[in-house]
Amino acid sequence: MADGGWDAIVDAANKEGEVVFYSSDSDSINAAVIEAFEKEYPDIKVNLVKAGPDLAAQVATEKQSGINSGDVLSTGFQDLVENKDWFLQLDDTVMPTLGEQTWPDNMVTDTWVAKYVQYLGVAWNTDVMDGEDLNTWADVLKPEFKGRLTLPDPRATSTNISWLDAISNVLGDEYVEQVSALQPKIEAGGSVPATQDVAAGAQDVSYPQSSMLVADLSSKGAPIAFKVLTDPLIQVPGQLAIFKESPNPNAARVFANFRVSPEGMSAVCIAAGPPGQTGFSAAFEEPVDGCYTAPEGEEVVQGDKNLTPEDERYLHIIGLLGLEPLTN
């Protein structure tokens, strides 16, 4: 890693010439971030490694085998990026934007910074409904959704289990039981195939959902739309981390710094549309062009992303949906 100030690090990054980016983000977000970064830093090429649901196992296998092929990791697996043996300790000397913006304490840790905050909501098929009356979490308990709702399996990802934790904490176990009474299809593959169900007309509605997944489908002409739901607003931060012993340590810092800067966040929010429907916001307090702005006075809550089948809370909330822990 280069000695000296930030200019020296950028010079060294230009000489490295590339950054290897492991990302679980949508195609539209990855493309927007890479385009914006390479425009700002034309001498550094981003080599994208698209990560799937087995990302945590992939990273663990590489690290335990002594393989250091990645530079920066974008993920939703919070427990993964809390490993101090695998990820660089972060501060404003590593990423200057950490000192230039106002970051809430829960959005920056020793090993990860929030790459965005997404506010969860509902996706619906626009051939079936206009969605104008879907504004709060209470609104998506309509009796007509019985058998027409796809629920991403809360056991599939940390985002979905955190939603279930948050919604039952705020609206009570009764709310989850009402969702279960709608006899939802529990989509084992998680949020992506759930949105595909809606876009294809196999189901009418899906929640909790992310605007970035809907944006990928609607941009291709699929009849699907998204809206952030309130009462309460449920936020889920994503995680960005820099690998220790990365092959391009200076380019890793330059890319990670850009990714969570106002310029990088604007690219993310706009790509996570559709236009006017983005549910994405910067994790720092300053406003950013194109990002979602929470209504003033709205309650904002966040569930626990680190719940596991070993936790009584995990067993309780999935049990409200009639589910049991997955077995290998």
Side-chain angles (χ1 to χ4, degrees), residues 21-34 48-59 73-78 80 115-128 131 140 145 148-164 167 179 184-229 234-240 268-274 277-280 292 303 305 318 321 323 326:
F21 180 39
Y22 286 24
S23 177
S24 60
D25 289 329
S26 69
D27 292 342
S28 58
I29 286 181
N30 285 328
V33 167
I34 291 170
L48 175 66
V49 178
K50 180 67 172 163
D54 58 348
L55 171 64
Q58 175 187 343
V59 170
L73 172 64
S74 176
T75 182
F77 291 106
Q78 182 173 318
L80 171 64
K115 61 182 178 178
Y116 52 60
V117 173
Q118 63 170 317
Y119 293 94
L120 300 178
V122 59
W124 68 91
N125 187 294
T126 56
D127 288 341
V128 176
V140 294
F145 289 165
R148 303 300 301 163
L149 164 67
T150 292
L151 193 74
D153 194 331
R155 301 165 297 181
T157 70
S158 57
T159 292
N160 294 332
I161 196 67
S162 71
W163 169 79
L164 190 59
I167 206 76
V179 173
K185 173 187 176 183
I186 305 296
E187 177 49 67
S191 298
V192 173
T195 56
Q196 292 169 343
D197 271 355
V198 173
Q203 299 285 82
D204 295 344
V205 65
S206 177
Y207 57 84
Q209 276 300 342
S210 163
S211 66
M212 71 175 174
L213 301 179
V214 175
D216 275 355
L217 294 169
S218 64
S219 66
K220 299 170 185 174
I224 188 170
F226 170 88
K227 186 185 293 183
V228 173
L229 296 178
I234 299 179
Q235 69 173 17
V236 182
Q239 284 69 42
L240 189 82
V268 168
C269 293
I270 292 170
Q277 298 178 12
T278 186
F280 281 62
Y292 178 79
K305 293 181 73 174
I318 68 167
L321 291 170
L323 302 175
L326 296 172

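Given the structure is predicted, the values throughout are model-derived calculations rather than measurements. In this chain, residues are counted from 1 in sequence order.
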Task: side-chain contact (heavy atoms from CB on, under 4.5 Å) involving Ser219 - partner list, sequence neighbours excluded - done: none
TODO: Mind checking side-chain hydrogen bond (donor to acceptor under 3.5 Å, both in side chains) for Asn125 and listing every partner two or more places apart, or none if nothing turns up?
DONE: none
TODO: Find out whether Leu151 and Leu321 are in side-chain contact, i.e. whether some heavy atom of one side chain is under 4.5 Å from a heavy atom of the other.
DONE: yes
Open item on the list: Just so I know, are the side chains of Arg155 and Ile161 near enough to count as touching, which here means a heavy-atom distance under 4.5 Å?
Closed with: no
Task: With sequence neighbours excluded, residues passing side-chain contact (heavy atoms from CB on, under 4.5 Å) with Ala156 - done: Asp153
Open item on the list: Can you give me the closest heavy-atom contact between Gln78 and Lys305, atom names plus distance?
Closed with: OE1-CD, 3.8 Å
TODO: Can you see which heavy atom on Val228 is nearest to which on Gly279, and at what distance?
DONE: CG2-CA, 3.6 Å
TODO: Please tell me if the side chains of Val192 and Leu213 come closer than 4.5 Å, counting only heavy atoms from C-beta onward.
DONE: yes
TODO: Identify, with sequence neighbours excluded, every residue that meets side-chain hydrogen bond (donor to acceptor under 3.5 Å, both in side chains) alongside Thr195.
DONE: none
Task: CA sep, side-chain torsions, deciding dist, call: Leu120, Thr159, side chain to side chain contact (heavy atoms under 4.5 Å, CB included) - done: CA-CA 9 Å; Leu120 300 178; Thr159 292; 4.2 Å; yes
Open item on the list: Regarding Lys50 and Asp25, does a basic nitrogen lie under 4.0 Å from an acidic carboxylate oxygen?
Closed with: no
TODO: Drop me the distance from Trp124's CH2 to Asp204's CG, to the nearest 0.5 angstrom.
DONE: 13.0 Å
TODO: Considering non-hydrogen atoms only, spot the tightest contact between Pro208 and Asn160 and give its length.
DONE: CG-OD1, 3.9 Å
- [ ] List in chain and number order the residues that pass side-chain hydrogen bond (donor to acceptor under 3.5 Å, both in side chains) with Ser23, two or more places apart in sequence or in another chain; answer none if no residue qualifies.
- [x] Asn30
Task: Minimum heavy-atom distance between Ala215 and Ala272, given as atom pair plus value - done: CB-C, 4.1 Å
TODO: Check salt bridge (Lys or Arg N to Asp or Glu O under 4.0 Å) between Asp216 and all other residues, then give those that pass, not counting sequence neighbours.
DONE: none
Task: Test ring-ring contact (aromatic ring centres under 6.0 Å, His included) applied to Phe280 - qualifying residues, sequence neighbours left out - done: Tyr116
Open item on the list: Tell me every residue that passes side-chain hydrogen bond (donor to acceptor under 3.5 Å, both in side chains) with Ser24, counting only those two or more places apart in sequence or in another chain.
Closed with: none
Task: Contacts of Lys227 that satisfy salt bridge (Lys or Arg N to Asp or Glu O under 4.0 Å) - sequence neighbours left out - done: none
- [ ] Could you check if a side-chain atom of Val205 sits within less than 4.5 angstrom of a side-chain atom of Val198, using non-hydrogen atoms only?
- [x] no
Open item on the list: Quick one: does any side-chain atom of Lys185 pair with a main-chain N or O of Leu149 as donor and acceptor, under 3.5 Å?
Closed with: no
Open item on the list: Applying side chain to side chain contact (heavy atoms under 4.5 Å, CB included) to Val140 and Leu229, what does each step give before you reach the verdict?
Closed with: CA-CA 9 Å; Val140 294; Leu229 296 178; 3.8 Å; yes
Task: Nearest-0.5 Å distance that lies between atom OG1 in Thr126 and atom CD1 in Ile224 - done: 8.5 Å
- [ ] Find the distance between CZ (Phe21) and CG (Leu73) and round it off to the nearest 0.5 Å.
- [x] 8.0 Å
Open item on the list: Restricting to side-chain contact (heavy atoms from CB on, under 4.5 Å), what partner residues turn up for Ala194, sequence neighbours left out?
Closed with: Thr150, Pro152, Glu187, Ser206, Gln209
- [ ] Test Ser28 against Ser26 for side chain to side chain donor-acceptor pair (under 3.5 Å), laying out the working first.
- [x] CA-CA 5 Å; Ser28 58; Ser26 69; 3.1 Å; yes
Open item on the list: Within this structure, what is the CD1-OH distance for the pair Ile234 and Tyr207, rounded to the nearest 0.5 Å?
Closed with: 11.5 Å
TODO: First locate atom CG of Leu48, then atom OG of Ser74, and finally report the distance between them rounded to the nearest 0.5 Å.
DONE: 9.5 Å
- [ ] Just jot down the ring-ring contact (aromatic ring centres under 6.0 Å, His included) partners of Trp163, sequence neighbours excluded, or say none.
- [x] Trp137
Task: Value rounded to 0.5 Å, distance of CD in Gln118 from CE in Met212 - done: 5.5 Å
Task: Set of residues satisfying ring-ring contact (aromatic ring centres under 6.0 Å, His included) with respect to Phe145, sequence neighbours excluded - done: none
